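Structure first, then comments.
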Amino acid sequence: MPQGTVIRVQGPQVIVRIRGRDRHAALRGALKAGRRQATHPVVTGDLVRLGGDEAGGWAVEGIVERRNLVARVDPGDPRRMHGIAANVDQLVCLQSFRDPPLNLRSLDRFLLLGESAGIPPAIVVNKDDLRTGSPPSELDFYPRIGIPVLLASAKEGTAIEGLRRLIAGKQSVLVGPSGVGKSSLLNRTIPGLHLPTRAVSRATSKGTHTTVRVEWIDLPEGGAVLDTPGLRVVQPWGLRPDRLAMLFREFEPYADCQYADCLHRKEPACGVRSAVEEGRIPAFRYDSYLRILTSLDEEANRIKRRGESRR
Ligand SMILES: Nc1nc2c(ncn2[C@@H]2O[C@H](COP(=O)(O)OP(=O)(O)OP(=O)(O)O)[C@@H](O)[C@H]2O)c(=O)[nH]1
Ligand SMILES: [Mg+2]
Ligand SMILES: [Zn+2]
């Protein structure tokens, strides 16, 4: 059975690259039924098994097991998964210094989209031309735990060469809030690319959700990069409270606590909390951790309430 790579998802139709050619394909019934558990049954980057042929049209029969998956909780229904991209090598998390302002809480959530799926993350902070004063010292922390940081400006062309090197030859997915300049940076980095971009709202300093679906962009030197629509709410799919601390890389050496199931909140003799007090774990990261942990509790309660109201 021939196979292909999904390079675009548009409703019940997908575009699949079959032996180097991009073709429409329909989804078969069994896959459509998957909508109850997932917003879209197939995801950009999926390797799929195909039925049909060039003359009569192609149909997606099944999905080859994914190497990995970038996915969040569907904000409209916490029991459903919203898959963003499959089978990627790298998750590039974009923020901007202004319009919208740099938000470390949001950045740490986006990083978890990668960490929870075993996908190495990288950070790009765009709109360096709008920065006043030196970059916040928190940004120096990430390279120490192996996450590279680039300060870029799509407007002035800063760090474009660095970004090109970062994505060269790989399958990358670019994520971040709306309006930080994901599409603008890719336009600047990839010759001949003209993705639509739009100014952020003056009133709210938020983006206007210009990119509306995941866009697959082939790189001239090989590899591809996926531009994605800005996400406002990012809760990584399948995240469990007892696994969260492991995804904060720097906690690991200190997660030696009195209780084996310690969540590093208020438990006595907690190695992680001691490390925060001694300054070995930065307070801002511990703060992110606590907020995400609380949001996981809230999400569990939301799901429980839905279940009860149905009965
Ligand atoms: N000053 C400045 N403005 C920038 C820079 N990069 C992008 N912008 C502007 O920021 C606005 C949003 O840029 P987009 O590229 O559409 O942002 P996006 O992240 O793709 O947004 P969505 O597609 O909505 O997720 C546009 O008006 C861009 O011109 C930059 O480096 N400096
Ligand atoms: Mg965009
Ligand atoms: Zn602990």
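Bear in mind that the values here come from a model prediction, so they are computed numbers and not experimental data. In listed order, ligands and their atoms are each counted from 1.
For the residue pair Q90/Q171, the side-chain donor-acceptor check at 3.5 Å is not satisfied. Under the 3.5 Å distance criterion, with hydrogens and angles disregarded, no donor-acceptor pair is assigned to the side chains of D128 and T158. For D74 and T39, the side-chain atoms include at least one donor-acceptor pair closer than 3.5 Å. Checked by atom type, the side-chain pair S288/D108 shows a donor-acceptor distance below 3.5 Å.
Atom 24 (O) of ligand 1 has its nearest heavy-atom neighbour, among G179, G181, S178, in S178. Distances from atom 13 (O) of ligand 1 to the heavy atoms of A154, P100, S184 show the closest one on S184. Of the candidates T158, D129, L130, the one placing a heavy atom closest to atom 30 (C) of ligand 1 is D129. Within the set Q95, R198, R131, the minimum heavy-atom distance to atom 26 (C) of ligand 1 is found for R198.
Below 3.5 Å of separation, one finds no N or O of T228 facing any N or O of ligand 1. Inclusion of K155 in the set of residues having an N or O under 3.5 Å from an N or O of ligand 1 is warranted. When only interatomic distances are considered, the shortest N/O to N/O separation between T211 and ligand 1 falls below 3.5 Å.
Ring planes of F251 and Y289: perpendicular class, angle over 60° (limits at 30 and 60°).
In this structure, R265 pairs ionically with D297, as a charged nitrogen and a carboxylate oxygen lie closer than 4.0 Å. For E250 and R280, the salt-bridge test fails: no basic side-chain N is under 4.0 Å from an acidic carboxylate O. Between R285 and E138 no salt bridge is recorded (no basic side-chain N to carboxylate O distance below 4.0 Å). Taking 4.0 Å as the cut-off between side-chain N and carboxylate O, D89 and K170 do not count as a salt-bridged pair.
Put simply, the side chain of V234 reaches to within 4.5 Å of the side chain of L113, judged on heavy atoms. Using a 4.5 Å heavy-atom threshold, the side chains of K127 and K155 count as separate. Residues R49 and I63 fail the side-chain proximity criterion, which asks for heavy atoms closer than 4.5 Å.
Regarding atom 4 (C) of ligand 1, its nearest protein heavy-atom neighbour is K127 CE, 3.7 Å. From the protein, the heavy atom lying nearest to atom 27 (O) of ligand 1 is A199 CA, 3.0 Å. The protein non-hydrogen atom at the shortest distance from atom 6 (N) of ligand 1 is N126 ND2, 3.0 Å. Closest to atom 18 (P) of ligand 1 among all protein heavy atoms lies K182 N, 3.5 Å.
Those atoms of ligand 1 with a heavy atom of H209 less than 4.0 angstrom away are 24 (O). Those atoms of ligand 1 that come under 4.0 Å of a heavy atom in S153, given as number and element, are 31 (O). Applying the 4.0 Å criterion to heavy atoms of S183 picks out, from ligand 1, the atoms 15 (O), 20 (O). Near G230, the atoms of ligand 1 lying under 4.0 angstrom from a non-hydrogen atom of the residue are 25 (O).
For Q258, the CD atom counts as densely surrounded, since its 6.0 Å shell holds more than 12 non-hydrogen atoms of other residues, nucleotides or ligands. Heavy-atom neighbours of H24 NE2 from other residues, nucleotides or ligands within 6.0 Å: at or below the threshold of 12.
Side-chain atoms of R105 never come within 3.5 Å of backbone atoms of D287 as a donor-acceptor pair (strictly under, hydrogens ignored).
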Problem set entry | CA sep, side-chain torsions, deciding dist, call: N87, L69, side-chain contact (heavy atoms from CB on, under 4.5 Å) | CA-CA 6 Å; N87 307 321; L69 178 67; over 6 Å; no
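L186 is not connected to V175 by any chain of hydrophobic side-chain contacts under 4.5 Å among Ile, Leu, Val, Met, Phe, Trp and Tyr, and they are in different clusters.
Looking only at protein N/O/S atoms, the ones less than 2.8 Å from the Zn ion (ligand 3) make 4 in total.
Annotation: protein N, O or S atoms under 2.8 Å of the Mg ion (ligand 2) (waters excluded) comprise S183 OG, T211 OG1.
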